[in-house]
Amino acid sequence: MQYIPPLVFSSLGLLDPALVAVLSWAGGIEHLPSVFSWIGGMVVMGGVGLISYAEHKRSQT
Amino acid sequence: MTISVNPQIDCTDYPLRTIEFNTKVSPQFVDSEECPAKALAISSGGLTMTRGQHEPKSWISQKLAALNVFQRENDYRLVEAHEKDIEISDVEEAVTMKSVEMVSTDDCEANIENMISADEKESSEQNQSWRNFLLACFSMAVAILAGASVPPVFKYLARSGIRPCLAASWRCQCMALIIAPLALIESYSDKKYKVDWFAKKPDLPFPVIVHVLFSGLAWGGNLLMWIVGMQYTTAFIAAIMGSSYPIMLVISLKLTGSPVSGMELIGVGISVGGMLISCFQDVFENNHEKMGGPAIDARHQFMGYALCLGAAACEVAILFNRIKTKQYVPLMQYTFGTTIVVAIMATLASLLLEREGLIYYPLVTDGTTHVEVFCLAQNCIFGWFSKKWFVTILFFGIWIGVFCIAGFNYAVSSFLFLLLIFFLLTFVAFDRCNIFHL
């Protein structure tokens with residue numbers, strides 16, 4: 001955390017669901033999610049990213 | 001020849017700046033009743049210096065020593081090797097400069113030595129900083145990968161017949177064993193890392209240990225709700241729900257009357273909309289079955305979502321508590337304490353709840369009716385010590401427990417990090433060769 005900006009840190013966390021899907025698929029645990037799930041997931045992560053950005057802005061001021 | 005600086009001068013209104021010096025002005029130190037930055041500007045003709053944000057406070061004295069040498073020896077080559085521009089923003093630095101008054105220009109030899117060693121130190125610090133940054137990026141990449149591998153591994157364990165709370169117990173037992181020596185090393189590495197567990201701190205309402213226990217309980221709630229909830233939905237949806245704790249954070253801020261910005265509320269609205277899109281499709285098209293799992297009825301799917309959201313709410317409790325305890329309990333000791341609590345919680349939950357007929361697990365079919373304690377089968381509390389599961393759980397414990405935590409926080413030395421990579425790869429190699437399955 002002391003070397004990487006917090007916003008980058010929290011933004012990269014948004015990749016988590018996509019990585020979970022890919023790892024589950026690669027490990028033969030589950031098939032890849034449908035297009036709808038991806039879209040929904042991206043919208044959720046977009047919202048979470050917006051919240052993280054807003055918090056970052058607030059902590060700066 | 002000295003620099004005369006009046007520390008009473010308030011430089012706070014003097015904006016941060018890059019001072020361009022006129023190279024034609026002959027370098028001389030002057031007495032100045034004005035801002036010290038200006039005194040330097042006049043005095044250091046022919047030079048441009050920049051004090052970076054992360055430069056030590058001693059930077060000014062080092063540079064002034066260099067200036068003295070510059071003036072005395074007129075050695076342009078030496079001085080040109082230095083930085084550019086100078087920024088002085090507060091009175092504290094002006095005071096630092098005042099101490100430089102004592103630097104004697106007669107002692108040029110010492111100044112040269114100081115300057116050279118300061119330069120070497122500076123250059124080594126810059127290299128170190130780059131190395132740390134790259135290592136931090138690498139650690140974070142590993143940590144993100146380690147964190148993302150948790151849902152598939154738990155799914156794999158469930159499909160292999162391990163009940164979810166029992167799997168959580170195995171993981172935490174293993175993690176605690178791995179983290180215990182790291183916590184010990186941390187504790188004895190420096191006096192400042194010694195924790196006074198029963199001390200009451202001014203900004204904590206309870207003794208430190210109570211806060212760590214509370215964090216453990218919150219983390220236990222988070223892990224158990226999430227891992228059980230994941231039985232009724234896909235790993236992807238569980239990960240989305242689990243990552244939604246910023247939404248819970250905003251909601252909790254709103255409920256406690258703290259100020260919440262419009263952008264945060266819009267973010268919550270967008271996220272909830274995205275969840276509805278994902279869940280709508282998940283429920284009405286029985287996505288779980290399409291994705292290779294068993295068919296799960298809508299009631300259980302909703303229960304799964306509720307549990308995953310509950311897990312995200314627990315994460316907020318962990319976050320708030322960790323912010324408070326962070327300064328009193330270093331990472332590894334904190335992680336060890338909370339892991340022990342979670343291991344106990346998961347063990348009790350498994351023993352009490354994971355009985356046949358009490359909880360419906362669509363994935364787990366191990367043929368046994370309840371969880372036992374002292375045996376090495378896959379329905380036993382210490383079952384991970386069996387030949388069949390030891391390597392897998394150890395891998396899980398090292399990979400998730402250490403790499404994810406240590407990677408995110410970059411709290412271990414690079415040597416330890418490499419050592420852990422070595423152990424990990426060795427165990428994987430052994431596992432591949434079936435050495436533990438003889």
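Heavy atoms only: backbone and side chains are in, while hydrogens, waters and symmetry mates are out. Order of the sequence lines sets the chain letters (A, B, ...), proteins ahead of strands, with each chain counted from 1.
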*Do any N or O atoms from the side chain of B/E315 and from the backbone of B/Y245 form a donor-acceptor pair under 3.5 angstrom?*
no
_At a 4.5 Å cut-off on heavy atoms, which part of A/M42 comes close to chain B: side chain, backbone, both, or neither?_
neither
Extract all donor-acceptor atom pairs below 3.5 Å that involve side chains of residues 254-263 of chain B and protein atoms in other chains or at least two apart in sequence.
unit_1, atom_1, unit_2, atom_2, d
B/T256, OG1, B/S252, O, 2.9
B/T256, OG1, B/L253, O, 3.0
B/T256, OG1, B/S258, OG, 3.4
B/S261, OG, B/E264, N, 3.3
B/S261, OG, B/E264, OE1, 3.2

*Who passes ring-ring contact (aromatic ring centres under 6.0 Å, His included) against A/W25, sequence neighbours left out?*
none
_Testing the basics here: between B/P330 and B/R322, what is the closest heavy-atom pair and its distance to 0.1 Å?_
C-NH2, 4.2 Å
*Can you say whether B/L265 sits under 4.5 Å from chain A via the side chain, the backbone, both, or neither, judging by heavy atoms?*
neither
*Examine whether an atom of B/P246 lies under 4.5 Å from a heavy atom of chain A, and if so say whether it belongs to the side chain, the backbone or both; otherwise answer neither.*
both
